[in-house]
Amino acid sequence: MFFIATGIVLLNVAIYLMMSWVYRRFRNPVLIPALTATVIIVGLLIYFHIPYDTYMIGGQWINKLLGPAVVSLAYPLYKQRHVLVQNLPAILGGTVVGLLVGMFSGLLLASGLGFSKLYILSILPKSITTPVAIQISSSLGGDSSLTSVFVMIAGFTGAIGGPLIIKLFRIRSEVGIGIGLGTASHALGTAKALEYGEQSVSMSSVAMTVCAIVGSCVGPLVVWMMYP
C-alpha cells in the first residue's frame, strides 16, 4: 500500500509540474495546470483500467492537503489587511452578491432542466470552496461526490473565463480582480489571482472565506424555502 500511495502522489506531482511548465510556456487560460493535469490523470486511469479506490490510496493524501492549503492563504491576507479595512463594504457587498447570484443561478438552471432533488441539493454549494461545499451538501442531503464535480466545473470555468472577462471590461483594480476570481471560482480562482499580484490573492482569499461563511448560513435557508 505504501508504494502504491507514494507512486500515485509522485505521479500527480510530476504531471502537475510538467503542465505548469507548459502553461508558463504558452500562457493560454485553457492550459491552466489544474485542468490539464486533471484531464491527463483521468485519461491514465481510464486507459490502464485503474479503479478509483486504488487511485485514492494515494489520492487521499493529496486531498487532505486541500484544507491546510486554503488556511495558508491567511498569510497574504494578513499582509494586505489594510486594504481589506479600507475597502470592507465594497468587498463584502460584492462577495455576497456574487455568491447569491452563483447559488441561485445554479438552482434555477437545475430546476429548469428538470434535475432531481439530489442534483439540486448537490449543485447548491458549487460557488463555495470544496471542503466547505462538501460539508454543506452532505448536511442538506446532497451527494458530496456530485458536489465536488460541480465545484470543479465552477472553478475551471471561472479560472478560464475570468481573465477574458477582466480583459474585456478592462478591469485594472487588483481588489476587484481578486474578489471576482475568489467569488466565482474559489481556490482555482485564487491560484489564478497569483498572476495579478499579492493584493489580488489576498482579496480572493477573503472572497473565498466570506462565501464559505455566508453560504453555510444561506444554503439551509434556501433549501428550507424550496422544500418546506
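Scope of the values below: all heavy atoms of this structure, side chains included, with no hydrogens, waters or symmetry mates.
- Looking at Thr54, its side chain never comes within 3.5 Å of a backbone N or O of Ile50 through a donor-acceptor pair.
- Qualifying side-chain hydrogen bond (donor to acceptor under 3.5 Å, both in side chains) partners for Glu174, counting only residues two or more places apart in sequence or in other chains: none.
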Acceptor/donor pairs from residues 150-160 side chains to any protein atom, 3.5 angstrom cut, sequence neighbours excluded:
unit_1	atom_1	unit_2	atom_2	d
Thr157	OG1	Ile153	O	2.6

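- Among pairs with a residue in residues 165-210, none fulfils ring pair (Phe, Tyr, Trp, His ring centres under 6.0 Å), at least two apart in sequence or across chains.
- By the side-chain hydrogen bond (donor to acceptor under 3.5 Å, both in side chains) test, Asn87 is found to be paired with no residue, residues two or more places apart in sequence or in another chain being considered.
- Applying the salt bridge (Lys or Arg N to Asp or Glu O under 4.0 Å) test to pairs two or more places apart or on separate chains, those with a residue in residues 175-197 are Arg27-Glu195, Lys192-Glu195.
- Remark: side-chain polar atoms of Thr183 are not paired, donor with acceptor, to backbone N or O of Gly180 under 3.5 angstrom.
- Thr36 contributes a side-chain N or O that, together with a main-chain N or O of Ile32, makes up a donor-acceptor pair within less than 3.5 Å.
- Partners of Ala14 under the side chain to side chain contact (heavy atoms under 4.5 Å, CB included) rule, at least two apart in sequence or in another chain, do not exist in this structure.
- Residues satisfying the side chain to side chain contact (heavy atoms under 4.5 Å, CB included) test with Tyr16, not counting sequence neighbours, are Ser20, Pro33, Ala37.
- Residue pairs meeting the salt bridge (Lys or Arg N to Asp or Glu O under 4.0 Å) criterion with at least one member in residues 196-221, sequence neighbours excluded, are Lys79-Glu198.
- Listed by chain and number, the residues in a side-chain hydrogen bond (donor to acceptor under 3.5 Å, both in side chains) with Ser122 amount to none (sequence neighbours excluded).
- Taking the side chain to side chain contact (heavy atoms under 4.5 Å, CB included) definition, one finds that Thr209 meets it with Ile213, sequence neighbours left out.
- Annotation: side chain to side chain contact (heavy atoms under 4.5 Å, CB included) contacts of Leu88 (sequence neighbours excluded): Leu84, Leu92.
- Listed by chain and number, the residues in a ring-ring contact (aromatic ring centres under 6.0 Å, His included) with Tyr119 are Phe115 (sequence neighbours excluded).
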